[in-house]
Amino acid sequence: MKFYLKIITPIFVFAFVYSFLSICFGPRGFFACRQLRRQRDVLVRHVQSLSDIGEDLNIRIANLSSDPQTIVMYAHELGYVQKNERLIKLMNFSGTAERTEDTGVAYLIEAPRYLPDAVCKTIAVSMSVIIIICEMIASQKNAYSKKSI
């Protein structure tokens with residue numbers, strides 16, 4: 001093998017391996033982008049559900065602000081009566097409805113997992129060193145076989 005090929009081959013292997021690892025597994029690689037896309041989709045669904053909850057609450061507020069029948073219904077559920085109304089209270093029976101509003105769920109954003117740049121460079125340098133060692137072994141075999149002839 002020619003001398004310049006012995007030098008260019010490890011450099012090419014380093015550049016190829018480093019580029020491949022960075023493009024696929026690096027901080028801005030395909031896998032990190034795919035994780036971010038999945039997380040974005042989950043966040044969009046989460047924001048949409050919170051928007052729906054907010055819209056429902058706005059409708060309830062509008063009803064309680066303007067509709068007297070709704071106000072009376074909520075007041076009766078809480079046990080309040082008007083001046084000329086009478087209520088019959090039953091023993092061991094609570095007439096109030098348990099109202100719990102859905103406030104949504106807290107969603108934590110997690111950072112995407114990727115190979116750090118130092119790890120990509122270390123793997124690429126290791127591959128280049130392996131290529132250099134293989135070239136040295138191959139040149140030793142060739143030198144040894146030429147001497148024995």
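Given the structure is predicted, the values throughout are model-derived calculations rather than measurements. For the single chain, residues carry numbers from 1 onward in sequence order.
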* Derivation of the side-chain contact (heavy atoms from CB on, under 4.5 Å) call for Q35 and R38 -> CA-CA 5 Å; Q35 291 172 16; R38 272 186 271 163; 3.9 Å; yes

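- Within the model, atoms CD1 of I123 and OH of Y18 stand 11.5 Å from one another, a figure rounded to the nearest 0.5 Å.
- With rounding to the nearest 0.5 angstrom, the CZ atom of R60 is 13.0 Å from the CD atom of E55.
- What you find for A32 and P27 is that their closest heavy atoms are CB-O, 3.5 Å.
- Proximity of a side-chain donor or acceptor of Q39 to a complementary backbone N or O of I109 within less than 3.5 Å is not detected.
- No chain of hydrophobic side-chain contacts below 4.5 Å, direct or via other Ile, Leu, Val, Met, Phe, Trp or Tyr residues, connects V129 to F12.
- In terms of hydrophobic clustering, with Ile, Leu, Val, Met, Phe, Trp and Tyr side chains grouped at heavy-atom distances under 4.5 Å, L43 and L36 are assigned to different clusters.
- Annotation: side chain to side chain donor-acceptor pair (under 3.5 Å) contacts involving residues 118-132, sequence neighbours excluded, comprise D117-K121.
- A distance of 13.5 Å separates CE in M136 from CD1 in I131, rounded to the nearest 0.5 Å.
- Taking the salt bridge (Lys or Arg N to Asp or Glu O under 4.0 Å) definition, one finds that D52 meets it with nothing, sequence neighbours left out.
- Looking at heavy atoms from C-beta onward, E135 lies in side-chain contact with P10 at the 4.5 angstrom threshold.
- Within 6.0 Å of CZ on F14 lie more than 12 heavy atoms contributed by other residues, nucleotides or ligands.
- The 12-atom threshold is not exceeded at CZ of F16, counting heavy atoms of other residues, nucleotides or ligands nearer than 6.0 Å.
- Rounded to the nearest 0.5 Å, atoms CD1 (I61) and CG (D56) are 10.0 Å apart.
- Listed for the S22 side chain is no donor-acceptor partner under 3.5 Å among the backbone atoms of S19.
- Residues V119 and V13 share a single hydrophobic cluster, defined by chaining ILVMFWY side chains whose heavy atoms lie under 4.5 Å apart.
- Under the side-chain hydrogen bond (donor to acceptor under 3.5 Å, both in side chains) criterion, D67 pairs with T70, sequence neighbours left out.
- Ring geometry for F25 versus F31: interplanar angle under 30°, hence parallel rather than tilted (30 to 60°).
- V125 and L115 end up in different hydrophobic clusters when Ile, Leu, Val, Met, Phe, Trp and Tyr side chains are linked at under 4.5 Å.
- At most 12 non-hydrogen atoms from other residues, nucleotides or ligands lie less than 6.0 angstrom from CZ of R28.
- Using modelled atom types, one side-chain atom of S66 and one backbone atom of A62 make a donor-acceptor pair closer than 3.5 Å.
- Between the CD1 atom in I11 and the CD1 atom in I132 there is a gap of 8.5 Å [rounded to 0.5 Å].
- The distance from the OG atom of S65 to the CD1 atom of I71 is 7.0 Å, given to the nearest 0.5 Å.
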